[in-house]
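One structure is given here, and the rest of the page talks about it.
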Amino acid sequence: LIGALGLLAVGFSCGGSGGGITGGGESPTEAYKRLFKAVKAKDTEAIKAEMSVKSIEFAKMAAGRNNTPVEKVFENGFTATTMNATLPEIRDQRIADNMGAIEVYNSKDSRWEDLPFVLEDGKWKLAVGDLFAGTYKSPGKGRDESAREGGLARSDVPIDHHPDSL
């Protein structure tokens, strides 16, 4: 029974609506908000707490290759969206099994970034390392990718969540 309940909770999908929260009542959106706060506080340990095991391994490998302190690699949390002065717009949360994704607006490049998350030890964590390791499976196309494939301009795609409304 416990296993069936666990599978039901983890398998609940939001289908891009922003619902279907799993992982102890949290979501990829909440995980991103914690990551953003940790980056702004320049708190490397808090940033690492929001990273999957494979993302931490990836950071260590990148630091070694570039002869850079690992703290420098974690500095922006592997996404340019954390360079915004305020929490950027977040939309299109998708969850399938233990994989999730959200789109976060990168105002510097004027584009949406589709950020990967994985449910690890009951907590959603940024899964950049999982993506590079080939173990991340997308929970489905993001709204920006679908819009580009359908020929819609980015401005034609409505925004679900604005940081002021979260």
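Just so it is clear, the values below take in all heavy atoms, side chains as well, and ignore hydrogens, waters and symmetry mates.
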Taking 4.0 angstrom as the limit, do Glu57 and Lys54 come out as a salt bridge? no
Quickly, which of Tyr32, Phe117, Phe58 forms a ring pair (Phe, Tyr, Trp, His ring centres under 6.0 Å) with Phe78? Name it, please. Phe58
Considering only heavy atoms from C-beta outward, does the side chain of Thr29 approach that of Trp124 to under 4.5 Å? no
Do Arg91's NZ or CZ and the ring of Trp112 fall within the cation-pi criteria of under 6.0 Å and 45°? yes
So how far is it from Leu87 CG to Lys37 NZ, rounded to the nearest 0.5 Å? 11.5 Å
Evaluation steps, side-chain contact (heavy atoms from CB on, under 4.5 Å), between Tyr136 and Val128: CA-CA 9 Å; Tyr136 175 78; Val128 172; over 6 Å; no
With rounding to the nearest 0.5 angstrom, report the CE to CG distance, Met61 to Asn66. 8.5 Å
Atom pair CD (Glu145) and CG (Asp114), whose distance is rounded to the nearest 0.5 Å: 7.5 Å
Indicate yes or no: at least one non-hydrogen side-chain atom of Glu103 is less than 4.5 angstrom from one of Glu89. no
Please check if the number of heavy atoms outside Lys40 that lie under 6.0 Å from its NZ is greater than 12. yes
Kindly compute the distance separating OG1 (Thr86) from CZ (Phe36), expressed to the nearest 0.5 Å. 6.0 Å
Could you tell me if the side chain of Met51 sits less than 4.5 Å from the side chain of Leu35, heavy atoms only? yes
Measure the shortest side-chain to side-chain distance between Thr81 and Leu115 over non-hydrogen atoms and say whether it is less than 4.5 angstrom. yes
Tell me, please, which residues at least two apart from Lys141 pass salt bridge (charged side-chain N to carboxylate O under 4.0 Å, His left out). Glu149
Check whether any side-chain heavy atom of Asp121 lies under 4.5 Å from a side-chain heavy atom of Lys123, and answer yes or no. no
Does the side chain of Asp144 reach to within under 4.5 Å of the side chain of Arg111, using non-hydrogen atoms? no
Measure the CG-CG distance between Asp97 and Leu119 for me, rounded to the nearest 0.5 Å. 10.5 Å
Side-chain contact, heavy-atom cut-off 4.5 Å: Val70 with Lys60? yes
Would you please name every residue forming a salt bridge (charged side-chain N to carboxylate O under 4.0 Å, His left out) with Lys72, sequence neighbours left out? Glu75
Does the side chain of Ile102 come within less than 4.5 Å of Asp92's, by heavy atoms? no
Any donor-acceptor N or O pair under 3.5 Å, side chains Ser55, Ser52: yes
What one should report as the nearest heavy-atom pair of Pro88 and Tyr105 is CB-O, 3.3 Å
